[in-house]
J.: 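Could you have a look at this structure, given as structure tokens, before my questions?
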Amino acid sequence: MRNFFSICIILMTPLLLQANASPDSSSITIVPKPVMMKTGVGQFVINRFTTILVRGKEAEVNKIATFFADRIRFSGGPKLEVREMTAADKHLSAIIFEKQLTRSSLPEEGYNLKITPKQVLLTAKTGAGLFHGIQTLLQMLPPDFSGQNIPMTYKELELPAVTITDYPRYPYRGMHLDVSRHFFPKEFIKRYIDLIAMYKMNTFHWHLTDDNGWRIEIKKYPKLMQISAWHTDHEDLPWNDRPAQQPGDKTTYGGYYSQDEIREIVQYAADRYVNVIPEIEMPAHSVEVLAAYPQFSCTGGPFTVPTGSYWPNIDILCAGNDSVFTFLEDVLTEVMDLFPSKYIHVGGDEADKTNWKSCPKCQERIKTEGLKDEKELQSYFIKRMEKFITSKNRKMIGWDEILEGGLPPEATVMSWRGVEGGIAAARQGHDAIMTPGTHCYFDYYQADPATEPKAIGGFITLKKVYSYEPTPSELTATEAKHILGAQGNVWTEFIPTPGQAEYMALPRMIALSEVVWSPKSMRNWSDFQRRMVSQFTRLQKMRVNYSKGSFKVEVNTEFDSKTNGIKVILGSEQLDVPIRYTINGNDVTSNSTLYSGPFEVKRNGVIKAGLFVDDKLKEKTTEMPLVFHMAIGKHIKYLTTYSERYPASGQGALNDGLRGSVNHRDGLWQGFLGNDIDIIIDLGREMAVNSVQANFLQNQKSWIFLPVVVEYSLSSDGKKYHSFNEVVNRIPPKEEQNFIQPFNFQFMENTKARYVRVKAKNLGKCPAWHEGAGEPCWMFADEIVVF
Ligand code: ACM
Ligand code: ZN
């Protein structure tokens, strides 16, 4: 026995050394993370003698292999020969691509990859699988090896020895782009598709029509290109402040894709295994059609193509006019000739029924079809279109409003107003694609709006996207099968250029790519951060204008009851990038204090902090005023409850020393929906109380109003209260600006108390003039400051 062991040890030593010399798994940074990966020993070297062998006479595999060879060459690597494998090649050191139609037990789109120092073997059941395998291979090359059309800078490239089995979690992995609000050139659409493909996503949802412009050539209706595709250029004005087209105004902003261009893009996408789903909006979001063909409206018009957004937008296609359906069927016939996609998207969202209510034709339709109301009329509209789409052997998708008034028999639902639409669809046995505004709206801010380019609103960070779980836990296993996947939406009201579209889509679509591809059990934020470091380098090299939002410092606080100080915790979405900070108001420089862990603050100040890469400040600093007051960290008893939709950090959010900003989604505001605030702060012992100040937000466009009145009272024993004082709000709810209003009360000298009770009366319902008239409104509170 003894001898056997010593032989083993001697034999194993060289192997272990070799293993140490080869890249370990932490240097492999593939996103989305492969399902199974085992690192091996050594590496395969690609140089100008390397051959790519295609096993079997498949033109498709040959095309994929050539695609790979081109990428190697255009990115600065050697030119590789691609040829069919012969018996003589059996022992050749080579890269081998093989489609295994029958032998493979892999799921669709899956692939197996085995890299040894001698050989690279990529096998898959489908072309899509091989193509995804190529993306993995490319991501194993150095991260700065991703230029475009650059001369050879790498004579040799190394692929680490590794065995990978990989396949997607969801069949639908999509990115959407709105080309109506702003028009994007063909070249950018291709680049967008490249990015989709690079991260193993497989669907491009092309939002081709909306109020602000029709973007697809339809031969039968030339006025769509002459009129609907153009509006008056007000690019110099904010989206929501743009005047409607005036008589004599030229319509010079816009454009459309010709049918040849569409074919070219669809083929370009197909070559990358990306399916393009066209969306033609109906019955609403279609004023641009009415501008050209007012006869398709309920009112007769006239209409112009809007230059921005107007609310409410009541113009709509008439549901009582058969020529509207003829028009839409003609349009979809040409669309289906151009797009081989099984799915055709018909919009269906945000249809204001005002005009249908007063239109004799629409009302007649309701009567003759035996419909209950206008909701059922919308359902009639969508069902009628579905019948047509189904007759052409295609499948219809619509936004979740198509559930209202009854879902068409075969339709797939795109759930955007939260996840409820997806849940309802799945329970009715329909397929659903998840794209909720909480996680998948990539037109929302991804970092502090104070330092970001103007966006439509909202707040969805990279980390938030990464945390998304597309399959709602409410569903049974059978129902859950209907959740086909998820999609990131890029609406472009506030996205005027390709560069800005990249900024909003990336890096968030990379987080989503992992959500929809990798097994749920493998989701790991810090591991993702580690792999993102090389993704950022790669994007940089590709000159992609990705957002540096994740390079911002996040500030969190905790109260330390032992020291009575505020513990400040700094962090960011980046892995191990140094943070420097100041607390005295000075600007942050490379000489400022290096953050090495939570630190304590015991007085008012401003925390300023930034990330430093190569000793340079990476992005604008985060600035967070810190109010040091008596109530920080003290226990608060809630007699009313805040909404789960805006909990901030929950218990403790109102007295953590941090004040919410004017961005109501900054995670610091606690929201009360239709509900009053009634809370009791326990200061722990009786002490002198000079003043109380509760801060509230008004943002009436988001249905957030100041309280009607705030009442403060004090107690020594928590039973008997005294010093009842009201601070009445005198600012009208109609105030358009978003602002923070302190409600301040100064007590008489020598006032003492242990308990401070704060009541704030919610306005209750949105006022009559407001778009949410009669609906419960929000009251947003942050930091209740006690001195
Ligand atoms: C949508 O965001 N209106 C689908
Ligand atoms: Zn009508």
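Remember, it's 1-based here, ligands and their atoms both numbered in the order they're listed. Remember, predicted model here, so these are calculated numbers, not experimental data.
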J.: Just one of H176, H182, H205 clears the ring pair (Phe, Tyr, Trp, His ring centres under 6.0 Å) bar with W491, so which one?
T.: H176
J.: Who are the residue neighbours of ligand 1 when the rule is a heavy atom under 4.0 Å from any of its atoms?
T.: D349, E350, W399, W416, Y441, W491
J.: Salt-bridge test for D443 and R508: reply yes if a basic N is under 4.0 Å from a carboxylate O, no otherwise.
T.: no
J.: Quick one: salt bridge (Lys or Arg N to Asp or Glu O under 4.0 Å) partners of D400, sequence neighbours excluded?
T.: R417
J.: Can you confirm whether K395 is buried at NZ, in the sense that more than 12 heavy atoms of other residues, nucleotides or ligands lie under 6.0 Å from that atom?
T.: yes
J.: Look at E410 together with K342 and state whether they make a salt bridge at an N to O cut-off of under 4.0 Å.
T.: no
J.: With a cut-off of 6.0 Å (strictly less than), are more than 12 heavy atoms of other residues, nucleotides or ligands near NZ of K190?
T.: yes
J.: Looking at K701 and E736, does any basic side-chain N land under 4.0 Å from a carboxylate oxygen?
T.: yes
J.: Which protein N, O or S atoms lie under 2.8 Å from the Zn ion (ligand 2), given by chain and residue number?
T.: C298 SG, C318 SG, C359 SG, C362 SG
J.: When the side chains of residues 418-431 are checked against the rest of the protein, which donor-acceptor pairs come out under 3.5 Å, sequence neighbours left out?
T.:
residue: R427; atom: NH2; partner: E474; partner atom: O; Å: 3.3
residue: H430; atom: ND1; partner: A411; partner atom: O; Å: 2.7
residue: D431; atom: OD1; partner: H482; partner atom: ND1; Å: 2.8

J.: Indicate yes or no: does E235 engage R242 in a salt bridge with an N to O separation below 4.0 Å.
T.: yes
